[in-house]
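For reference, the structure discussed in these notes is given below.
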Amino acid sequence: MILVTGGAGFIGSNFVLDWLVQHEEPVLNVDKLTYAGNLNNLARLQNDVRHQFVHADICDTEAMLSLLNKHQPTAIVHFAAESHVDRSIHGPAEFVRTNINGTFSLLEATRTYWSLLQENEKQVFRFLHVSTDEVYGSLGLKDAPFVETTAYAPNSPYSASKAASDHLVRSYHHTYGLPTLTTNCSNNYGPYHFPEKLIPLVIANALCGKPLPIYGDGQQVRDWLYVGDHCTAIRRVLEKGKPGETYNIGGWNEQTNLDVVHALCDMLDTLRPLANDCSYRAQITYVTDRPGHDRRYAIDASKIERELCWKPAETFNTGIKKTVQWYLDNQAWVADVQSGAYMNWLEKNYNQRDGAMDTHII
Ligand code: NAD
Ligand code: DAU
């Protein structure tokens with residue numbers, strides 16, 4: 001059995017679904033079910049005995065240790081985190097709690113569990129920490145993409161909390177010999193992406209006739225990777241990665257935000273044309289920039305390609321087409337996550353702020 005944290009979130013649920021197609025080995029899915037966790041993502045596993053869900057908080061070291069002792073996993077894949085940069089700007093405390101303290105609690109529980117394993121079990125055990133390219137900070141337009149040895153320079157409370165967790169993971173390998181692996185990935189997109197992030201937000205807003213908010217001049221660059229390719233890369237790192245190493249994962253696919261939004265509008269114009277023959281591009285609205293907005297991220301994925309023979313299968317065109325089609329086919333999922341807890345949170349946190357955040361309420 002493997003233990004997955006955050007397996008009800010965007011990437012975690014894609015990973016669990018993919019894992020159970022590729023493997024017989026069962027999954028213990030540990031998730032606190034914050035606004036971002038959604039068991040509907042895993043609906044198709046309802047009758048699959050290989051998937052066990054546990055509602056728990058990674059900050060609870062005792063609970064984590066007792067799960068480890070009871071289920072004896074051979075690996076942990078750690079996705080659980082607060083993941084949205086804008087939220088980290090408005091409320092960093094939860095990011096420090098889950099991303100730093102939570103990773104620390106999980107590492108402590110894992111260290112205790114691992115230290116009591118038989119020598120051969122200790123050797124094969126892996127702790128895979130899923131992290132982000134944002135820990136490296138922001139690139140200039142002419143800079144070379146991030147490599148694994150690029151110095152850390154996190155700029156938002158989110159990326160700082162992820163950087164801290166990366167350092168803790170590194171230290172548990174160096175100090176205690178825990179067989180850790182760290183992956184730093186670029187922007188993912190695909191099914192089950194929560195509609196607070198650029199791509200699903202734009203698709204959802206476009207279909208409701210709402211503004212498509214572009215922060216600042218829209219010339220910021222992100223390196224987009226289809227979530228299925230990220231899942232394949234994580235499996236590869238788990239199977240073949242060298243303990244103590246970090247691996248950058250990316251799609252060699254840099255795009256400005258404006259280009260991404262244009263591509264989404266054009267795709268929707270084809271797949272769901274507006275009755276009045278207008279383009280969805282007419283809904284684009286420039287809004288106040290994100291404070292401290294990183295200008296450019298780009299990943300050099302040569303190491304994972306060379307050492308672990310991984311390459312993304314999707315191009316941006318094929319991935320974005322699948323993604324738009326998925327959202328068109330799953331509007332009930334979008335309506336569901338846009339209701340209830342999420343809307344309450346937005347009302348409490350955004351509505352009383354200066355106009356900037358109000359402009360991109362979904
Ligand atoms: P997400 O916000 O969609 O999901 C996070 C999941 O973690 C949710 O299911 C949530 O309920 C759970 N969770 C949060 N706090 C928890 C806690 N204290 N205990 C247990 N579970 C908790 O995030 P995502 O986009 O799927 O990202 C997953 C991981 O990948 C994160 O660590 C993120 O930093 C990293 N990452 C994301 C991207 C991206 O583009 N989305 C890119 C690189 C790295
Ligand atoms: O780079 C990896 C990171 O990618 C992950 O670690 C994060 O968890 C993930 O959320 C993502 O962070 P970003 O901040 O890059 O993603 P987001 O979708 O929030 O924004 C993408 C870009 O689009 C960014 O430059 C901000 C901009 N943007 C975003 C939103 C939500 C807009 O212009 N308008 C918007 O409404």
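Hydrogens, waters and symmetry mates are skipped; everything else that's a heavy atom, side chains included, is used. Positions are given from 1, in the same order as the sequence printed here. Both counts, for ligands and for their atoms, begin at 1 and track the order of listing.
- Taking every non-hydrogen atom of Tyr158 and a distance limit under 4.0 Å, the qualifying atoms of ligand 2 come out as 5 (C), 6 (O), 7 (C), 8 (O).
- Near Thr132, the atoms of ligand 2 lying under 4.0 angstrom from a non-hydrogen atom of the residue are 1 (O), 2 (C), 3 (C), 5 (C), 6 (O).
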Item to check | Working for salt bridge (Lys or Arg N to Asp or Glu O under 4.0 Å), residues Asp143 and Arg296 | outcome: CA-CA 9 Å; Asp143 292 337; Arg296 174 178 167 235; 5.5 Å; no

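- Judged by the shortest distance from any of its heavy atoms, Glu196 lies inside the 4.0 Å radius around the atoms of ligand 2.
- What you find for Ser13 and Gly9 is that their closest heavy atoms are OG-O, 2.6 Å.
- Shown in contact with His293 at under 4.0 Å from a heavy atom are these atoms of ligand 2, numbered in order with element: 24 (C), 25 (O), 26 (C).
- Each of Gly6, Ala8, Gly9, Phe10, Ile11, Asp31, Lys32, Leu33, Thr34, Ala36, Gly37, Ala56, Asp57, Ile58, Phe79, Ala80, Ala81, Ser83, Thr98, Val130, Ser131, Thr132, Tyr158, Lys162, Cys185, Ser186, Asn187, Asn188 has a non-hydrogen atom positioned under 4.0 Å from some atom of ligand 1.
- Residue pairs meeting the salt bridge (charged side-chain N to carboxylate O under 4.0 Å, His left out) criterion with at least one partner in residues 94-117, sequence neighbours excluded, are Lys32-Glu94, Asp57-Arg97, Glu94-Arg97, Glu108-Arg111.
- Looking at Leu106, Thr112, Leu116, Ile76 one by one, the single match for side chain to side chain contact (heavy atoms under 4.5 Å, CB included) with Leu68 turns out to be Ile76.
- Contacts of Ile214 with ligand 2, taken as heavy-atom pairs under 4.0 Å, involve the backbone alone.
- In summary, the atoms of ligand 2 found under 4.0 Å from a heavy atom of Arg222, numbered by their order in the structure, are 15 (O), 24 (C), 25 (O).
- Taking the charged nitrogens against the carboxylate oxygens, Asp269 and Arg281 have no contact shorter than 4.0 Å, which rules out a salt bridge.
- In summary, the atoms of ligand 2 found under 4.0 Å from a heavy atom of Tyr297, numbered by their order in the structure, are 1 (O).
- Numbered from 1 in the order shown, with element, the atoms of ligand 2 that lie under 4.0 Å from a heavy atom of His84 read 19 (O).
- Around the CG atom of Asn120, the shell of radius 6.0 Å holds more than 12 heavy atoms that belong to other residues, nucleotides or ligands.
- Remark: Thr180 engages no residue in a side-chain hydrogen bond (donor to acceptor under 3.5 Å, both in side chains) (not counting sequence neighbours).
- The residues Glu307 and Lys240 are annotated as not salt-bridged, no charged nitrogen and carboxylate oxygen being separated by less than 4.0 angstrom.
- Here the options are Lys197, Arg222, Gln255, the test is side chain to side chain contact (heavy atoms under 4.5 Å, CB included), and the partner is Asn187; only Arg222 passes.
- Those atoms of ligand 2 with a heavy atom of Leu201 less than 4.0 angstrom away are 36 (O).
- Under the side chain to side chain donor-acceptor pair (under 3.5 Å) criterion, the residue pairs touching residues 69-82 are Thr5-His78, Glu25-Thr74, His78-Thr103, with sequence neighbours excluded.
- Close approach to Asp133 involves these atoms of ligand 2, each under 4.0 Å from a residue heavy atom: 1 (O), 2 (C).
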